Amino acid sequence: MCKIDRVVEIAHESKMTTLQAERTRISCEGEVLLDCWVAQSAAGGTARTGNHYWQVRSRNPIFDGKKSKYLKASGVAEYKAAIARGKRIKALGKEIQKLQQRITKVEALLATV
C-alpha cells in the first residue's frame with residue numbers, strides 16, 4: 001500500500017507542475033484581468049443619443065482608483081482576451097489549491113504508515 005501511495009503522490013506532483021507551467025504560460029501571453037467584465041452603457045444624464053459606450057468594469061478599483069474604464073470599440077477584443085486569461089488563471093489557481101490539499105492528505109497518510 002505504501003508503494004501505491006507514493007505513486008499517487010508522484011502523479012499529483014507532476015500534475016501540479018503541469019498546472020503551474022500552464023498558469024505561467026497564460027500570464028506571459030499578455031495582460032491579465034481578474035474579476036472584470038466588459039459592458040456597454042448608454043449615455044447618462046440628459047443626453048438623448050442612441051449611442052452606447054464600451055466599459056470594462058471591475059469589483060476592485062484597479063483602473064487608477066476607479067472600478068470602471070471607458071474603452072474604444074477597437075480595444076474591446078483585447079480586454080475580452082485579458083478577462084478570459086484572468087478567468088483561466090483563477091480556475092487554475094483553484095485546481096492547484098485542491099491538488100495541494102490532496103498532496104497534503106497523501107503525505108499525512110504516508111507519515112502514519
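What you are looking at is a predicted structure, and each value in this text was computed from that prediction instead of being measured.
Put simply, the side chain of W37 does not reach to within 4.5 Å of the side chain of S58, judged on heavy atoms. For the pair I83 and K87, the minimum side-chain heavy-atom distance is below 4.5 Å. Side-chain contact between F63 and Q55: absent, with no pair of heavy atoms (C-beta onward) separated by less than 4.5 Å. At a threshold of 4.5 Å between non-hydrogen side-chain atoms, the residues I62 and L33 count as touching. The closest side-chain heavy-atom distance from K90 to D35 is below 4.5 Å. Contact annotation: the side chain of E78 never approaches that of E31 to less than 4.5 Å [non-hydrogen atoms, C-beta and beyond].
When all heavy atoms are compared, the tightest approach of M16 to I96 is SD-CG2, 3.4 Å. Counting all heavy atoms, side chain and backbone alike, S41 lies closest to Y70 at OG-CE2, 4.2 Å.
The distance from the CD atom of Q20 to the NZ atom of K15 is 12.5 Å, given to the nearest 0.5 Å. To the nearest 0.5 angstrom, R88 atom CZ is 11.0 Å from E29 atom CD. If you take CZ on R85 and CD1 on I26, they are separated by 9.5 Å, rounding to the nearest 0.5 Å.
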* side chain to side chain contact (heavy atoms under 4.5 Å, CB included) between R57 and K69, intermediate numbers included -> CA-CA 7 Å; R57 296 181 175 260; K69 176 182 174 181; over 6 Å; no
* Under the side chain to side chain contact (heavy atoms under 4.5 Å, CB included) rule, what do S27 and I89 come out as? Steps first, then yes or no, please. => CA-CA 8 Å; S27 63; I89 284 179; 3.9 Å; yes
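The hydrophobic clustering, which links ILVMFWY residues whose side-chain heavy atoms are closer than 4.5 Å, places L71 and L34 apart.
Applying the salt bridge (Lys or Arg N to Asp or Glu O under 4.0 Å) rule to R102 yields no partners; only residues at least two apart in sequence or on another chain are considered. Listed by chain and number, the residues in a side-chain contact (heavy atoms from CB on, under 4.5 Å) with K67 are P61 (sequence neighbours excluded).
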